[in-house]
2 protein chains.
Amino acid sequence: MTRNTSQREAIQQSLETAVRPLSPEEILEAAREQVPGLGIATVYRNIRRMVEEGQLHPVQLPDEPARYEPAGKGHHHHFRCRKCERVFDVEGCPGSLKEMLPEGFQLESHEITLFGLCKHCHP
Amino acid sequence: MTRNTSQREAIQQSLETAVRPLSPEEILEAAREQVPGLGIATVYRNIRRMVEEGQLHPVQLPDEPARYEPAGKGHHHHFRCRKCERVFDVEGCPGSLKEMLPEGFQLESHEITLFGLCKHCHP
DNA sequence: GTCGTTGCAAAGATTTTGCATTACC
DNA sequence: GGTAATGCAAAATCTTTGCAACGAC
């Protein structure tokens with residue numbers, strides 16, 4: 001049986017308020033504004049459980065710590081700017097992924113990450 | 001000026017021989033068959049340089065250590081089987097990725113990872 | 001009051017770095 | 001022989017775990 005602690009609530013709220021996926025360290029920083037004594041272990045423990053429960057989705061980019069975002073955001077993908085290194089959500093999705101698969105493979109989900117320059121960093 | 005050491009050669013050969021992306025630990029194990037005294041630090045140092053030089057591509061899957069594969073394999077993506085956890089290369093690529101981007105964003109590259117069941121694990 | 005949850009600090013795991021030694025060129 | 005590269009071990013990260021104290025229900 002799970003309990004509603006102020007720590008867990010602060011963590012959830014930080015993730016929901018954020019406009020982009022957050023790393024554990026970023027979550028800690030944000031949630032500490034509500035719960036100053038919060039420890040990093042608690043962040044990791046809550047992240048892990050929320051991922052297991054399906055409330056949170058991991059966003060893994062090459063050479064970067066895992067980030068997390070709330071599951072309720074609807075289907076979308078990510079764009080990482082080479083220059084400012086921020087990660088943006090992008091809408092839309094190519095339809096033809098199933099055609100990439102060899103015979104007999106069954107597609108359940110997919111992830112797409114785009115790389116380049118964002119509006120701000122583009123000349 | 002870079003030198004051709006037996007260690008570096010063993011690392012390169014391990015990656016080229018493999019039919020799938022390898023993790024640093026897997027590279028160490030494979031390369032030690034040729035160079036028994038090989039140390040893990042050397043593996044990391046060589047991986048890093050080879051990635052910087054563009055000879056090697058990192059393959060990052062959620063919740064897994066980074067794996068690496070030779071750059072010369074041509075454009076392709078990856079499929080990870082939920083059941084046997086193997087990672088397969090898949091050919092082909094949807095064409096319409098540029099249309100997903102917001103105005104002013106410039107696309108340079110992309111990665112697609114598919115998840116599901118492989119031929120073997122599919123009923 | 002019970003017991004899930006927390007904070008802290010220690011332990012693991014993974015990757016990087018300092019430094020003396022080795023071995024390409 | 002000069003110096004890039006290596007191996008080892010220590011350090012720096014990042015994540016998990018043990019345990020006593022806390023607090024939700």
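Each chain gets a letter, A, B and so on, in the order its sequence line appears, and its residues count up from 1. What's counted below: heavy atoms across the whole structure, side chains too, no hydrogens, waters or symmetry copies. The shown structure was predicted, so the numbers you read here are calculated from the model rather than taken from an experiment.
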Worksheet entry | N/O (side chain, B:Asn4) to phosphate O (OP1/OP2, D:dA5) under 4.0 Å | no
Worksheet item: Within the structure, does a side-chain N or O atom of A:Arg49 lie under 4.0 Å from either OP1 or OP2 of C:dT5?
Response: yes
Discussion item. Output the rounded distance in Å from CZ (B:Arg48) to P (D:dA4).
Written reply: 16 Å
Worksheet item: Starting at the 5' end of DNA chain D and moving along, which residue's nearest nucleotide shows up first, B:Gly37 or A:Ala41?
Response: B:Gly37
Worksheet item: Thinking salt bridges, do A:Glu103 and B:Lys119 make one under a 4.0 Å N-O criterion?
Response: no
Worksheet item: If only side-chain N and O atoms of A:Thr5 are considered, is one of them under 4.0 Å from the OP1 or OP2 phosphate oxygen of D:dA24?
Response: no
Worksheet item: Between atom CD1 in B:Ile40 and atom C1' in C:dA13, what is the gap in whole Å?
Response: 12 Å
Item to complete: Between B:Ser6 and B:Pro24, name the one whose nearest nucleotide on DNA chain C is closer to the 5' end.
Response: B:Pro24
Practice prompt. Report yes if a side-chain nitrogen or oxygen of B:Arg32 is closer than 4.0 Å to either non-bridging phosphate oxygen (OP1 or OP2) of D:dG7; otherwise report no.
Written response: no
Discussion item. Just to be sure I understand the rule, does A:Thr2 reach a base, reach only the sugar-phosphate, or reach nothing, if contact means heavy atoms closer than 4.0 Å?
Written reply: sugar-phosphate
Practice prompt. May I have the distance from A:Gln60 (atom CD) to D:dC14 (atom C1'), rounded to whole angstrom?
Written response: 12 Å
Discussion item. Over all strands shown, is B:Leu38 touching base, sugar-phosphate only, or nothing at heavy-atom distances under 4.0 angstrom?
Written reply: sugar-phosphate
Fill in: Spacing of B:Ile27 atom CD1 relative to C:dT14 atom P, expressed in whole Å
14 Å
Fill in: Distance, rounded to the nearest Å, where B:Arg3 contributes CZ and D:dG1 contributes P
14 Å
Practice prompt. Using side-chain contact (heavy atoms from CB on, under 4.5 Å) as the criterion, point out the one residue from A:His78, A:Glu69, A:Arg67 that pairs with A:Arg20.
Written response: A:Arg67
Worksheet item: Can you check the A:Glu53 CD to C:dT5 P distance for me, whole Å?
Response: 9 Å
Worksheet item: To the nearest Å, how far apart are B:Glu9 CD and C:dC25 C1'?
Response: 15 Å
Discussion item. Please tell me whether B:Phe105 and A:Phe79 form a close aromatic pair, meaning their ring centres lie under 6.0 Å apart.
Written reply: yes
Item to complete: Determine whether any donor atom in the side chain of B:Arg45 lies under 3.5 Å from an acceptor atom in the base of D:dG7, or the reverse, and answer yes or no.
Response: yes
Worksheet item: Out of D:dT6, D:dA4, C:dT6, which nucleotide sits closest to the side chain of B:Thr42?
Response: D:dT6
Discussion item. Take a 6.0 Å sphere around CD of A:Glu33 and say whether it holds more than 12 heavy atoms from other residues, nucleotides or ligands.
Written reply: no
Fill in: Short side-chain N/O contact to C:dA23 OP1/OP2 from B:Arg8, under 4.0 Å
no
Discussion item. Heavy-atom count check: over 12 atoms from other residues, nucleotides or ligands less than 6.0 Å from B:His120 NE2?
Written reply: no
Discussion item. In whole Å, I'd like the distance from the CD1 atom of B:Ile47 to the C1' atom of C:dT14.
Written reply: 12 Å
Practice prompt. Taking only the side-chain nitrogens and oxygens of B:Gln7, find out if one of them lies under 4.0 Å from OP1 or OP2 of C:dT22.
Written response: no
